[in-house]
Amino acid sequence: MLNGKTIILGVTGGIAAYKSVELLRLLTKAGGDVHVIMTRSAQEFVTPLTFQTLSRNPVQTELFNLMGEREIGHISLADRADLFVIAPATANVIGKLACGIADDMLTTTVMATRGTVVLAPAMNVNMYLNPIYQGNEERLRRHGYLFVDPVKGDLACGWEGEGKLQTPEIIFQEVLKALTPSDLAGESLLVTAGPTREEIDPVRYLSNHSSGKMGYAIARAAWRRGARVTLISGPTALPAPWGVEMVSVESAGEMYDAVMARAGGSSVIIKAAAVADYRPVLRAGEKLKKQGGTMTLELVKNRDILTELGKDKGRRLLVGFAAETTELLHNARKKLSEKNVDLLVANDVTEVGAGFSVETNVVHLLHRDGRVEAPGLLSKEAVANLILTRVGELLRERE
Ligand code: PMT
């Protein structure tokens, strides 16, 4: 996700400095070329060698470095940066930036950069709430600096309250968002994901193999692209995506209610969930006892959420999925027209690398005008972005 991107990670002197080692690992694992600049006090907490080893780039600590100055170190680094993230950012460094003070390698390079700057503050709660600090933050926000707010918790200084550095994973997500064009800004996306469970009795249920990975990837990618996202999910083992409103449901009936309650406020609905088509006619109040050699379970059809949505779309854009095991395109075409969707994403779930649980998918995108796109094997993240690119095009066409 960060291939070809140059990121500068600034580390300042706070106890949370050790957490930026994990942030560095996430940035490099995603393919970023990361250059670390440490202030003098940051080096009291973590050694430059740790960052140098993990980034595989020299760590900058001094403004007047004889080797680096041949090409004016801070300027060349600032020019190459796609994004600058400072984590942790102390009250001191935020104060300096707000006042235009550039007296070390870090502050000088930030002032010289034209890339996006993301600041993740960490400090004592009273320092954080101090009006002078708040004024500095406000000033930087007005100048386009982005902030990843600290969280409430037990602080290293013994106090409890706001001031704890946000987790490296969330700072990483915010960095990805800051580097992604907001082409879906202003849109409200409703995404469904995961399986549903239809209870037979208090201990058993009917379900399917959906892990939620496809739908969660769409929700994450849409948030990064600037959309307001609601994710309605059946039971999965996945963490709730950052920045996304999460609604957890169990059964197809609950998913129906949750979707219908929110459909009105959505400009786009993407239904990646694997919804059970049937449920038991009766849910036994107690665990069913073993009887003879066979058992018959009577099922009744669930309402089809997508079909209901397709009946009264208005200006809303509807994207459906089709999970097939035979005659992929034939069945998918039928669903495209019967469910009245604008785009249908078909996957043959028996194909290697496609469908349930895996990290990849092999999809065919069926358009209303008969076009079919077959991009081949892609990560679910890449499939999500392809779907969202097509959604963006359809929205613009509609305008
Ligand atoms: O979750 P993963 O492990 O990542 O797996 C991804 C996936 C295989 C679940 C996903 O790629 C996928 O194909 N999702 C749709 C699964 C499905 O239920 O397909 P379907 O062909 O049975 O349904 C067609 C469409 O109608 C789907 O958009 C479905 O959400 C919708 N539907 C189905 C039944 C129902 N009662 N209500 C619905 O809205």
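All heavy atoms count here, side chains included; hydrogens, waters and symmetry mates do not. Note that the structure is a prediction, hence the values are computed from the model and not measured.
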**Q** Counting only heavy atoms not in Y205 (residues, nucleotides, ligands), do more than 12 fall under 6.0 Å from its OH?
**A**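 Counting other residues, nucleotides and ligands, OH of Y205 stays at 12 neighbours or fewer.
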**Q** Looking only at heavy atoms, what is the nearest atom pair of K213 and S357, with distance?
**A**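 Closest approach of K213 to S357: NZ-O, 2.6 Å.
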**Q** So which heavy atom on A120 is nearest to which on L165, and how close?
**A**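 In terms of heavy atoms, the two residues are closest at O-CD1, 3.3 Å.
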**Q** Is it the case that one hydrophobic cluster holds both L77 and I7, taking links as side-chain heavy atoms less than 4.5 Å apart, direct or via other members?
**A**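 The answer is no; the residues belong to distinct hydrophobic clusters.
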**Q** Any heavy-atom pair between the side chains of K164 and L155 that's under 4.5 Å?
**A**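 SC-SC contact between L155 and K164 confirmed.
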**Q** Roughly how far, to the nearest 0.5 Å, is the NZ atom of K311 from the OG1 atom of T307?
**A**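 So the gap between those two atoms works out to 7.0 Å.
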**Q** Test side-chain contact (heavy atoms from CB on, under 4.5 Å) on V249 and T196; report intermediate values, then the result.
**A** CA-CA 8 Å; V249 297; T196 61; 5.6 Å; no
**Q** Measuring only between side-chain heavy atoms, which start at C-beta, is N340 closer than 4.5 Å to L318?
**A**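 Side chain of N340 against side chain of L318, heavy atoms only: no contact under 4.5 Å found.
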**Q** For A276, does its backbone N or O pair with a side-chain atom of N302 as donor and acceptor, under 3.5 Å?
**A**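 Checked: pair present.
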**Q** Who pairs with R333 by salt bridge (charged side-chain N to carboxylate O under 4.0 Å, His left out), at least two apart in sequence or on another chain?
**A**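 With sequence neighbours excluded, R333 shows a salt bridge (charged side-chain N to carboxylate O under 4.0 Å, His left out) to no residue whatsoever.
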**Q** Any side-chain heavy-atom pair from P195 and H209 closer than 4.5 angstrom?
**A**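 No, every pair of side-chain atoms sits at 4.5 Å or beyond.
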**Q** Nearest 0.5 angstrom please: L184 CG to L395 CG, how far?
**A**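 So the CG of L184 and the CG of L395 are separated by 7.0 Å.
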**Q** Looking at every non-hydrogen atom in both residues, tell me the closest pair between L189 and A222 and how far apart they are.
**A**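 Closest pair (atom of L189, atom of A222, distance): CD2-CB, 3.7 Å.
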**Q** Applying side-chain hydrogen bond (donor to acceptor under 3.5 Å, both in side chains), which residue pairs with at least one partner in residues 111-134 are found, sequence neighbours left out?
**A**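 Checked against side-chain hydrogen bond (donor to acceptor under 3.5 Å, both in side chains) - neighbours excluded - the pairs reaching residues 111-134 are Y133-E137.
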**Q** Under a 3.5 Å distance rule, please check whether S251 uses its side chain to pair with a backbone N or O of E254 as donor and acceptor.
**A**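 Checked: pair present.
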**Q** Quick check: does any side chain N or O of T12 sit under 3.5 Å from a backbone N or O of P88, one acting as donor and the other as acceptor?
**A**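 At least one qualifying donor-acceptor pair exists.
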**Q** Can you tell me how far the NZ atom of K339 sits from the CG atom of L306, to the nearest 0.5 Å?
**A**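 Output value for this atom pair is 5.0 Å.
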**Q** CG of L129: more than 12 outside heavy atoms within 6.0 angstrom?
**A**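 Yes, because the 6.0 Å sphere around CG of L129 holds more than 12 heavy atoms from other groups.
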**Q** Compare every heavy atom of F51 with every heavy atom of L9, then report the nearest pair and how far apart it is.
**A**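 That would be CD2-CE2, 4.5 Å.
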**Q** Hey, could you give me the OG/CD distance between S207 and E198, rounded to the nearest 0.5 Å?
**A**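 These two atoms lie 8.0 Å from each other.
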**Q** Which heavy atom in L344 sits nearest to a heavy atom in A322, and how many Å separate them?
**A**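 Of all heavy-atom pairs spanning L344 and A322, the closest is CD2-CB, 3.7 Å.
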**Q** Flag the pair F84 / T109 as yes when at least one side-chain heavy-atom distance between them is below 4.5 Å, and no otherwise.
**A**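 Yes - at least one pair of side-chain heavy atoms lies under 4.5 Å apart.
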**Q** Checking E138 now: which residues fulfil side-chain contact (heavy atoms from CB on, under 4.5 Å) with it, not counting sequence neighbours?
**A**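 Here the qualifying residues are R142.
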**Q** Quick check: does any side chain N or O of R262 sit under 3.5 Å from a backbone N or O of T230, one acting as donor and the other as acceptor?
**A**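 Judged by distance alone, no pair lies under 3.5 Å.
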**Q** Taking the side chain as every heavy atom from C-beta outward, state whether L97 and I86 have any atom pair closer than 4.5 Å.
**A**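 Yes, close enough: below the 4.5 Å cut-off.
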**Q** Yes or no on side-chain contact (heavy atoms from CB on, under 4.5 Å) for M255 and T192, after CA distance, side-chain angles and deciding distance?
**A** CA-CA 8 Å; M255 188 172 278; T192 70; 4.1 Å; yes
**Q** So, the side chain of N57 versus the backbone of V34: is there a donor-acceptor pair under 3.5 Å, distance only?
**A**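 Yes: the side chain of N57 pairs with the backbone of V34.
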**Q** Return the minimal non-hydrogen interatomic distance between P202 and K287, and the atom names on each side.
**A**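 So the minimum-distance heavy-atom pair works out to CD-N, 3.8 Å.
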**Q** Please list, chain by chain and in numerical order, all residues satisfying salt bridge (charged side-chain N to carboxylate O under 4.0 Å, His left out) with D342, sequence neighbours excluded.
**A**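 Once residues adjacent in sequence are excluded, the partners of D342 under the salt bridge (charged side-chain N to carboxylate O under 4.0 Å, His left out) criterion are K313, R398.
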**Q** Quick check on the hydrophobic clustering: are V229 and I218 connected, directly or via other members, by side-chain heavy-atom contacts under 4.5 Å?
**A**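 Same hydrophobic cluster.
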**Q** Once salt bridge (charged side-chain N to carboxylate O under 4.0 Å, His left out) is applied, do any residues pair with K271, and if so which ones, sequence neighbours excluded?
**A**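 Not a single residue meets the salt bridge (charged side-chain N to carboxylate O under 4.0 Å, His left out) criterion with K271.
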**Q** Can any side-chain N or O of N361 pair as donor or acceptor with the backbone N or O of N347 at less than 3.5 Å?
**A**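 Checking the backbone N and O of N347 against the side chain of N361, no donor-acceptor pair under 3.5 Å is found.
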**Q** Tell me the side-chain hydrogen bond (donor to acceptor under 3.5 Å, both in side chains) pairs involving residues 318-327, sequence neighbours left out?
**A**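 Listed by first then second residue: E324-N331, E324-K335.
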**Q** As an exercise, state the distance from CE of M105 to OG1 of T61, rounded to the nearest 0.5 Å.
**A**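 If we round to the nearest 0.5 Å, M105:CE and T61:OG1 are 8.5 Å apart.
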**Q** Can you confirm whether V358 sits close enough to K380 that some side-chain heavy atom of one is under 4.5 Å from a side-chain heavy atom of the other?
**A**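 Yes; the side chains approach each other to less than 4.5 Å.
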**Q** Is it possible for you to say whether L328 and L378 belong to one hydrophobic cluster, with membership spreading through side-chain heavy-atom contacts below 4.5 Å?
**A**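 No; L378 is not reachable from L328 via cluster members.
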**Q** Pairing donors with acceptors under 3.5 angstrom, does anything connect the side chains of S188 and R228?
**A**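 Yes, side-chain donor-acceptor contact under 3.5 Å.
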**Q** Looking at R141 and D149, is any side-chain nitrogen of the basic one under 4.0 Å from a carboxylate oxygen of the acidic one?
**A**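 Result for this pair is yes, salt bridge flagged.
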**Q** Strictly by modelled atom types, are W242 and E169 linked by a side-chain donor-acceptor pair under 3.5 Å?
**A**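 There is no such pair (donor and acceptor under 3.5 Å, judged by atom type) between the side chains of W242 and E169.
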**Q** With hydrophobic residues grouped by side-chain heavy-atom distances under 4.5 Å, do L146 and L140 end up in a single group?
**A**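 No, separate clusters.
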**Q** Taking the side chain as every heavy atom from C-beta outward, state whether I387 and F321 have any atom pair closer than 4.5 Å.
**A**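 Answer yes - side chains close enough.
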**Q** More than 12 heavy atoms of other residues, nucleotides or ligands under 6.0 Å from CG of D312: yes or no?
**A**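 No, because the 6.0 Å sphere around CG of D312 holds 12 heavy atoms or fewer from other groups.
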**Q** State whether R396 and E393 are salt-bridged, where the test is any N-O pair (Lys NZ or Arg NE/NH1/NH2 against Asp/Glu carboxylate O) under 4.0 Å.
**A**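 The answer is no: the pair does not qualify as a salt bridge.
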**Q** Kindly say whether R197 contributes a backbone atom to a donor-acceptor pair with the side chain of E250 at under 3.5 angstrom?
**A**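 No, the answer is negative, given that no donor and acceptor are paired below the 3.5 Å cut-off.
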**Q** Does L24 belong to the same Ile/Leu/Val/Met/Phe/Trp/Tyr cluster as V118, with side-chain heavy atoms less than 4.5 Å apart forming each link?
**A**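 Yes, it is one cluster - the side chains of L24 and V118 are joined through contacts under 4.5 Å.
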**Q** If you apply the rule side-chain contact (heavy atoms from CB on, under 4.5 Å), what do you find for R56 with T28, and how did you get there?
**A** CA-CA 9 Å; R56 298 181 182 196; T28 51; over 6 Å; no
**Q** Go through R80 and I8 one step at a time and tell me if the side-chain contact (heavy atoms from CB on, under 4.5 Å) criterion holds.
**A** CA-CA 9 Å; R80 278 155 61 205; I8 303 180; over 6 Å; no
**Q** Output yes when R225 and D183 qualify as a salt bridge under the 4.0 Å nitrogen-oxygen rule, no when they do not.
**A**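 Result for this pair is yes, salt bridge flagged.
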**Q** Using a 6.0 Å cut-off, check whether atom CZ of R368 has over 12 heavy atoms from anything other than its own residue.
**A**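 Count over threshold, so yes.
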**Q** Does any non-hydrogen side-chain atom of L206 lie less than 4.5 Å from one of L299?
**A**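 Yes, at least one pair of side-chain atoms sits under 4.5 Å.
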**Q** How long is the straight-line distance from CD of Q43 back to OG1 of T50, given to the nearest 0.5 Å?
**A**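 Rounded to the nearest 0.5 Å, the OG1-CD separation comes to 11.0 Å.
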